[in-house]
Amino acid sequence: MTDSIAKKITFTVDPEDFVLRHIFECGQCFRWEPVSGMGEEPFRGEMNGVFPSGTDNAYIGIAGGRVARVSLDASCDAGADAGGKEATLLIEQLNSPEESNDDRSFWNNYFDLDTDYGAIKKSLSKDEMIRRAIPFGHGIRILRQDPWETTVSFIISQNNNIPRIKRNIRDLSALAGERVSIGSSTNGQTEDSADQAHKDNMKNIAANDWYELPSPETLARMTVDDLAPVRLGYRARYLIETAQCVCERGLSVLYEDLDSLCGVGPKVASCISLFGLGRRESFPIDVWVKRVMKELYGIEKPSEMAAFAEETFGEYGGIAQQYLFYYMRELG
DNA sequence: CGGCAGGCGGTTA
DNA sequence: TAACCGCCTGCC
């Protein structure tokens, strides 16, 4: 990474409520990868969520058209008051979108830094299971992601695994998205598919450059054949049809409207609401949650889980879901 | 080789 | 409305 062109933005955060690994590895986002220490070239290989030893506090990724390296310095100590710890969140941003005049407010919003997670944890701790789950994922925060990106991401996520979801999103962006200009990158274009050659070519592009997700307008004009190199499987048609709907009607904020999109059912609509629309009460029910609900609360019927979550977790259902997820993951 | 992965669409009772 | 099945793909 070329330090000279990076814009540095810092925030003071409470490390108890802010852990990059918890934020980026919980399955809410798919465009961040762990990178090794200061000053080194970022490594963006297929990590499958595994960290190189000792380098779990820096990530590189893209959000809101901004490519950035994000790190947290853990070397901090208590302030004079209240015994609260502090850490510095450092964002080294490599580019700025054309019309952006306030990158700082973008990241402040993206990481939802005005929300007091300590208070949320306290509220959720009224439930004994959540109280026990929190230590395993205490630094989670629900990011405020772009609704369209969230929609695309979670349509792709169905019946899929995280490494491939990440790869699909990256390849889709490389194939059809706008290249992000960060000053020193190579140029590359591909058109038709001699399959293997195209695949290799695209891998090279994706490895060296950053691309934004294609817009609804771009995707709506594409065909399943156009998207074949990305190897989305049956999800390609879902994406195109959804893009066409969004172009015609806009992306609704209503759950019922989201649910009616092609390739979007209850789980994906809940994820869009939670991760893309800031609806913290939204409680996505996936296979992991079903296991948790059975193991910890003895609820076996999926049809009863939403109501249970609403009663038990209320306005913070989505955040409770994240703590439970980490709890379950740790316990295996 | 079959099983499976952070669901959904479509079809049946 | 609940239960079932097939699905692209990649990895084990």
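By convention in this document, chain letters (A, B, ...) are assigned in the order of the sequence lines, proteins followed by strands, and residues within each chain are numbered from 1.
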**Q** Between B:dG6 atom C1' and A:Arg164 atom CZ, what is the distance in whole Å?
**A**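 To the nearest whole Å, that distance equals 13 Å.
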
**Q** Applying ring-ring contact (aromatic ring centres under 6.0 Å, His included), can you list everything that pairs with A:Phe18, at least two apart in sequence or on another chain?
**A**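 A:Phe18 satisfies ring-ring contact (aromatic ring centres under 6.0 Å, His included) with A:Phe111 only.
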
**Q** Within this structure, what is the CD-to-C1' distance between A:Glu25 and B:dG6, rounded to whole angstrom?
**A**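 To the nearest whole Å, that distance equals 15 Å.
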
**Q** Give a yes or no on this: more than 12 heavy atoms of other residues, nucleotides or ligands lie within 6.0 Å of atom CD of A:Glu178.
**A**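 Atom CD in A:Glu178 is not packed in, count stays at 12 or less.
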
**Q** Charged N to carboxylate O below 4.0 Å: is that the case for A:Asp259 and A:Lys267?
**A**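 Here A:Asp259 does not pair with A:Lys267 in a salt bridge, since their nearest N and O are not under 4.0 Å apart.
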
**Q** Taking the minimum atom-to-atom distance to the side chain of A:Arg291, which one of B:dG7, B:dA5, C:dG10 wins?
**A**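 Nearest to the side-chain atoms of A:Arg291, counting from C-beta on, is B:dA5.
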
**Q** Does A:Arg66 come within less than 4.0 Å of A:Asp103, counting only side-chain N to carboxylate O?
**A**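 Here A:Arg66 pairs with A:Asp103 in a salt bridge, since their nearest N and O are under 4.0 Å apart.
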
**Q** Out of A:Leu258, A:Thr150, A:Leu254, which residue meets the side-chain contact (heavy atoms from CB on, under 4.5 Å) rule with A:Leu277?
**A**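 Answer to the side-chain contact (heavy atoms from CB on, under 4.5 Å) test with A:Leu277 among A:Leu258, A:Thr150, A:Leu254: A:Leu258.
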
**Q** Under 4.0 Å, heavy atoms only, any strand: does A:Phe154 hit a base, just the sugar-phosphate, or nothing?
**A**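 Since no nucleic acid heavy atom lies under 4.0 Å of A:Phe154, the category is nothing.
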
**Q** To the nearest Å, how far apart are A:Arg167 CZ and C:dC8 P?
**A**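 After rounding, the gap between these two atoms is 18 Å.
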
**Q** What string of B, S and - do you get for nucleotides 8-13 of chain B, 5' to 3', when a contact is any protein heavy atom under 4.0 Å?
**A** SS----

**Q** Check this one for me: any side-chain N or O of A:Arg231 less than 4.0 Å away from OP1 or OP2 of C:dG10?
**A**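 Yes, A:Arg231 has a side-chain N/O under 4.0 Å of OP1/OP2 on C:dG10.
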
**Q** Does A:Arg237 have any side-chain hydrogen bond (donor to acceptor under 3.5 Å, both in side chains) partners at least two apart in sequence or in another chain, and if so, which?
**A**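 Here the qualifying residues are A:Glu241.
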
**Q** Can you confirm if the NZ or CZ of A:Arg104 lies within 45° of the ring axis of A:Phe11 and under 6.0 Å from the centre of its six-membered ring?
**A**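 Checked: cation-pi criterion met.
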
**Q** What do you reckon, is CD of A:Glu310 surrounded by more than 12 foreign heavy atoms closer than 6.0 Å?
**A**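 At most 12 heavy atoms, drawn from other residues, nucleotides or ligands, come within 6.0 Å of this atom.
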
**Q** Using Watson-Crick and G-U wobble pairs whose two distances are both under 3.5 Å, how do you write the pairing of DNA chain B as dot-bracket, with | for links to another strand?
**A** .||||.|||||||

**Q** Considering residues at least two apart in sequence or located in another chain, which fulfil the ring-ring contact (aromatic ring centres under 6.0 Å, His included) criterion with A:Tyr316?
**A**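 With neighbours one apart ignored, the set is empty.
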
**Q** Measure all distances between protein nitrogen or oxygen atoms and nitrogen or oxygen atoms of nucleotides 1-4 of chain B, and list the pairs falling under 3.5 Å.
**A**
none

**Q** Please report the distance, rounded to the nearest Å, between CG in A:Asn159 and P in C:dC5.
**A**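 Result: 15 Å.
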
**Q** I want to check a possible cation-pi pair here: A:Arg329 against A:Tyr326, using under 6.0 Å from ring centre and within 45° of the ring axis as the test.
**A**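 Yes, A:Arg329 lies over the aromatic ring of A:Tyr326.
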
**Q** Please confirm whether the backbone N or O of A:Arg144 pairs with a side-chain atom of A:Asp112, one donor and one acceptor, at under 3.5 Å?
**A**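 Not at all, since once roles are kept as given, no pair shorter than 3.5 Å links the two residues.
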
**Q** Once hydrogens and angles are ignored, does a donor-acceptor distance under 3.5 Å link the base of C:dC8 to the side chain of A:Arg235?
**A**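 Indeed, a donor on one side and an acceptor on the other fall under 3.5 Å apart.
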
**Q** Is it the case that the ring center of A:Phe283 lies less than 6.0 angstrom away from the ring center of A:Phe313?
**A**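 Yes, close enough.
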
**Q** Within the structure shown, what part of the strands sits under 4.0 Å from A:Leu232 by heavy-atom distance: base, sugar-phosphate, or nothing?
**A**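 Answer is base: heavy atoms of A:Leu232 come under 4.0 Å of a base.
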
**Q** How would you label the contact of A:Ile165 with the nucleic acid (heavy atoms, under 4.0 Å): base, sugar-phosphate, or nothing?
**A**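 The answer is nothing, as A:Ile165 stays clear of every strand by at least 4.0 Å.
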
**Q** Using the P atom on both, measure B:dG6 against C:dA2 and round to a whole Å.
**A**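 The answer is 25 Å between these two P atoms.
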
**Q** Nearest whole Å is fine: how far is B:dA5 C1' from A:Asn161 CG?
**A**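 Spelled out: CG on A:Asn161 to C1' on B:dA5 is 5 Å.
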
